[in-house]
Amino acid sequence: VSTQSTGFTCGFVFEHRMGSLRIGDKIFYPLLNTAFRVLPKGTLSKIIEGYKVAAGHRRFGLKFDDLIVQTPEVREAIRRLPRAEKQAREERLLKAFQLSAKNEILPPAQWTKPEQDLPYLAPYLREVNAEQQARTSWFHHLSGPELAKKVGAKA
């Protein structure tokens, strides 16, 4: 697995596909969908929290959303972040790069706490995805019948 956008490793590769699950869409979404229906309430939350702890990003002072691969949608969501949040994100990433280059981690007192590791990018990603879906549906709405007429006339 190659690194993308963050370009460094820290005992694990800082590339995950939570922002764009394109490769595993056909596998992961049905599994998660089934898990929500089958597992007892709260179990999936514990599994997700266990994954976050195992990911190790908190040892570098990062939040989980700092690891999202930068697709065009994610870049637009980052662009829409408030200035203070964007600056804090850049500082966290810079600190993680420096620690990784020195092959170090933060002292445990400075690790990101679970209550601090809240999704800050999710509302902006939802907004960008909703706009993109609206644009796509509008395009199909406008071009669909006209395209069908043109194809029908040429045949």
Side-chain angles (χ1 to χ4, degrees), residues 1-140:
V1 177
S2 63
T3 56
Q4 182 178 359
S5 77
T6 52
F8 67 98
T9 60
C10 324
F12 66 100
V13 178
F14 268 35
E15 176 182 351
H16 74 101
R17 302 182 197 310
M18 295 307 288
S20 57
L21 288 170
R22 293 188 179 129
I23 293 175
D25 282 352
K26 294 179 181 175
I27 298 169
F28 294 120
Y29 286 142
L31 285 174
L32 285 175
N33 209 8
T34 304
F36 277 116
R37 282 188 252 126
V38 175
L39 293 173
K41 193 173 187 173
T43 305
L44 195 58
S45 304
K46 291 176 185 174
I47 292 170
I48 291 170
E49 186 59 33
Y51 172 76
K52 287 182 178 182
V53 169
H57 61 282
R58 293 179 181 161
R59 296 178 296 171
F60 294 90
L62 294 172
K63 293 184 178 183
F64 194 69
D65 282 0
D66 294 336
L67 306 178
I68 296 176
V69 174
Q70 289 193 13
T71 62
E73 295 86 8
V74 173
R75 282 189 208 104
E76 177 61 23
I78 291 169
R79 189 188 68 75
R80 294 180 184 192
L81 283 172
R83 175 178 266 164
E85 186 65 47
K86 193 185 306 185
Q87 193 171 22
R89 180 181 193 276
E90 290 170 1
E91 289 172 4
R92 286 190 304 270
L93 288 170
L94 180 62
K95 184 191 300 184
F97 280 125
Q98 291 170 345
L99 288 167
S100 176
K102 294 188 277 185
N103 202 18
E104 297 176 356
I105 60 172
L106 289 171
Q110 294 179 6
W111 290 5
T112 303
K113 312 234 177 339
E115 56 273 5
Q116 296 171 329
D117 194 3
L118 300 173
Y120 64 91
L121 202 53
Y124 299 98
L125 277 173
R126 279 193 294 273
E127 185 179 291
V128 169
N129 287 333
E131 289 173 7
Q132 187 176 17
Q133 287 176 348
R135 245 188 327 271
T136 302
S137 67
W138 180 249
F139 174 76
H140 287 301

Rounded to the nearest 0.5 Å, what separation is found between the [atom1] atom of [X] and the [atom2] atom of [Y]?
X: Asp117; Y: Leu62; atom1: CG; atom2: CG; value: 9.0 Å
X: Arg89; Y: Lys63; atom1: CZ; atom2: NZ; value: 11.0 Å
X: Gln132; Y: Glu76; atom1: CD; atom2: CD; value: 10.0 Å
X: Leu99; Y: Leu106; atom1: CG; atom2: CG; value: 5.0 Å
X: His57; Y: Asp66; atom1: NE2; atom2: CG; value: 8.0 Å

Contact summary for Ile105 and Trp111, nearest pair of heavy atoms: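 Minimum heavy-atom contact is CD1-CZ2, 3.9 Å.
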Is a donor on one side and an acceptor on the other found under 3.5 Å between the side chain of [X] and the backbone of [Y]?
X: Ser137; Y: Gln133; value: yes
X: Arg75; Y: Gln70; value: yes
X: Lys95; Y: Phe60; value: no
X: Gln116; Y: Lys113; value: yes

Can you check side chain to side chain contact (heavy atoms under 4.5 Å, CB included) on Phe64 and Thr112, steps first, answer last? CA-CA 10 Å; Phe64 194 69; Thr112 303; over 6 Å; no
Looking at residues at least two apart in the chain, or sitting in another chain, which of them share a side-chain hydrogen bond (donor to acceptor under 3.5 Å, both in side chains) with Arg126?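 Testing Arg126 for side-chain hydrogen bond (donor to acceptor under 3.5 Å, both in side chains), a comparison that skips the adjacent residues, returns none.
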Pair Val69-Val74, side chain to side chain contact (heavy atoms under 4.5 Å, CB included): steps then yes or no: CA-CA 8 Å; Val69 174; Val74 173; over 6 Å; no
Taking Glu85 first and then Arg92, would you say they form a salt bridge - that is, a charged N and a carboxylate O separated by under 4.0 Å?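 Salt bridge present between Glu85 and Arg92.
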Let's go through Ile68 and Leu125 carefully: what are the C-alpha distance in whole Å and the side-chain angles of both, what is the deciding distance for side chain to side chain contact (heavy atoms under 4.5 Å, CB included) to 0.1 Å, and is it a yes or a no? CA-CA 11 Å; Ile68 296 176; Leu125 277 173; 4.2 Å; yes
